[in-house]
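The next block holds one structure in the form of structure tokens; read it before the comments.
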There are 2 protein chains.
Amino acid sequence: MSKAKLLFDLILYVNTKRIFTAQDVAHEFGISVRTAHRYLAELGDMGVPIYTEPGRGGGYRVLNNRMLPPIMFDEEEAFAVFFAFQALKYYQSLPFDIHIGSVFAKLYAGLAHDMKRKVDRLDSVLTFWNQKRSVASPYLKEIIEAAIAHELLSIEYVSKSGNTVRKVAPVGIYAYDGFWYMPAFDELYGQIRLFRTDRIVWMERTQQTFTQQMPLSDWLDRYTAQTPKKPVRIYVELTREGLRQCRSQPWLEPHIVMVHPEQGYVETVIDQEDWDYVSDYFFQLGTAAKVIEPREMVDRIRKQAQELIHHYASDGT
Amino acid sequence: MSKAKLLFDLILYVNTKRIFTAQDVAHEFGISVRTAHRYLAELGDMGVPIYTEPGRGGGYRVLNNRMLPPIMFDEEEAFAVFFAFQALKYYQSLPFDIHIGSVFAKLYAGLAHDMKRKVDRLDSVLTFWNQKRSVASPYLKEIIEAAIAHELLSIEYVSKSGNTVRKVAPVGIYAYDGFWYMPAFDELYGQIRLFRTDRIVWMERTQQTFTQQMPLSDWLDRYTAQTPKKPVRIYVELTREGLRQCRSQPWLEPHIVMVHPEQGYVETVIDQEDWDYVSDYFFQLGTAAKVIEPREMVDRIRKQAQELIHHYASDGT
DNA sequence: TATAACATGACAGTTATTGACATGTTTTAA
DNA sequence: TTAAAACATGTCAATAACTGTCATGTTATA
């Protein structure tokens, strides 16, 4: 085995084992103990954070920020990472911001000149835009790590009624509309509650772990799904313009049928709960859409239109 | 210079030069031509995509997907990249999706077992949540690259009035509320217009370049700052519900005046260009809003309502 | 057909790596 | 206090890898 390959494998070995002796390495890779020492010293020079404990019961130890073996990326891959980082620019608070910076620096340094210019320009042609929020959330990284490790957290939370200290089991965190939210099981209330992370003023990781209740996605689904209880069939004719508009509605788009470029229809089933929203949507489309079913929706739209005329007529003169 | 260091530098060298001979390398690094050949062969084995052209005028060539020299990341840095990728999960259409996949694979492969589990779990505790859109935008990558290269694009665009083919100079692209938008200078109109990339049905990169007009950020600033060219004053009374609705419109929110919890108004200046959009918005608010000024908007809303009644009446029986 | 490039092989000199052995140092358990 | 188990470092000879020179092909082009 070539030396390079061996060093490569050695990185993996030390990362997995964490604690080991030079004899272990010598035996594992079929080299002499002297060489094992030499190689491990070399890893140290390469930046792998190993330290040693001399004496009986000693050996090599790896610090927790372990190194990955060297990886070669091509420019496209590097560019993809820059692209992804761009998506994070908008967030005021970010976990791992330092690491993002160092990854950026390492990748950027390896680029050829022309490619560097390209990356510089990326900044000026690509934005992930949202309303900027200026509220800081310092505990994001800790929350993520606690959630991953299924670890209980003690938090002090600012709520309407004042600050409270609670012990919670985080389900996860999500970003929405510029804020970070943490759904977490609250021991006090015996149920999962939603916390805004910027309202957490103090936090401590306990050593206690909990058994996972549910993944974040399940919680979000349950939180948003609202279980369609009463299905309602709708049938709506669409003009060209109606087609164009409806295609940007994710809940309609899959059910659009285009008869020909100038005409089409939507036939789908909605939930009773969304009735008003759907009705308002087709109302707002005006003559670009024509609701055929349900009849009640037609009535409602007609009634709304009449109200509107009345509303503005009474205004008159 | 050590061999490793030399190979490292050689990668940079070949990436920058793109075309060169073994003599060039030998001279540049002070090695023999024979060794230059040997090293270059070694780079090939390492995965750097070089090929050769024998014969007079020949030499070594690098394919465009150039390689970066090997980089060592630590786990935290790798995790930061996974985190960034998580932010992109929500987008239906992504440029560089293949590359994101391959970066993920390369980094993931280098992780120790326990860390792999941690990354697997990241998915279940972290979400960047927005309303999902299912509309596909296949041309994102090309737009970005054209914008970076200041290259003119021919596009076929679906607009209200039908499909049109235009030649445009893209300023950049940005993601907003689940859609991708491309502001671009439109030769036809002699000004910068906004395109939704999912409505581009065909695209071709021309070879022509243009001189950059402005960076995307400037454009966004100007766009959001709303320097109306033809200002139109609007005055709209709002009910409680109207207040609630308007408050979630970023362009209205700053100009809302609440008289008391049940009543308020909006008074602001909009641009002539947005007239239709604004009118439609208040139409859709129904009786929750009452446009007082401009009178023409009142007329238009009334007319729309009448049309709607007619639209659904003719349907009748 | 000469030239300028890559391609490959052989060989000897040079350099780097390796293993064996020796000698310290530090810590812990007996 | 001592022995054992670990790292730490040095020396040296054997071996392996690398390098440069020379030689011989091959390929494309002026």
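What you see is a predicted model; the values in this text were computed from it and never measured. Every chain is numbered from 1 and lettered A, B, ... according to where its sequence line falls, protein lines coming before strand lines.
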Quick one: A:Leu40 CG to D:dA6 P, roughly how many Å, whole number? 14 Å
Starting at CZ of A:Arg61 and ending at C1' of D:dA6, how long is that distance when rounded to a whole Å? 10 Å
In terms of ring plane angle, is the pair A:Tyr174 and A:Tyr181 parallel, tilted or perpendicular, where the classes change at 30° and 60°? parallel
So which nucleotide from D:dC7, C:dA10, C:dA7 ends up closest to the side chain of A:Ala22? D:dC7
Shortest side-chain distance from B:His37, nucleotide among D:dT21, C:dA7, C:dT18: C:dA7
Salt bridge flag under 4.0 Å for residues B:Asp114 and A:Arg66: yes
Any ion pair linking B:Glu145 and A:Lys118 (charged N to carboxylate O, less than 4.0 Å)? yes
Any side-chain donor-acceptor pair under 3.5 Å between A:Thr164 and A:Arg166? yes
Judged by each residue's nearest nucleotide on DNA chain C, which is more toward the 5′ side, A:Arg34 or B:Thr21? B:Thr21
Is there a donor-acceptor pair closer than 3.5 Å between any side-chain N or O of B:Thr206 and the backbone N or O of B:Leu152? yes
So which of residues 50-58 of chain A are in contact with DNA chain C, with a heavy-atom cut-off of under 4.0 Å? A:Pro54, A:Gly55, A:Arg56
[X] side chain near [N] phosphate (N/O to OP1/OP2, under 4.0 Å):
X: A:Lys3; N: D:dA17; result: no
X: B:Tyr39; N: D:dC18; result: no
X: A:Tyr60; N: D:dA5; result: no
X: A:Thr35; N: C:dG19; result: yes

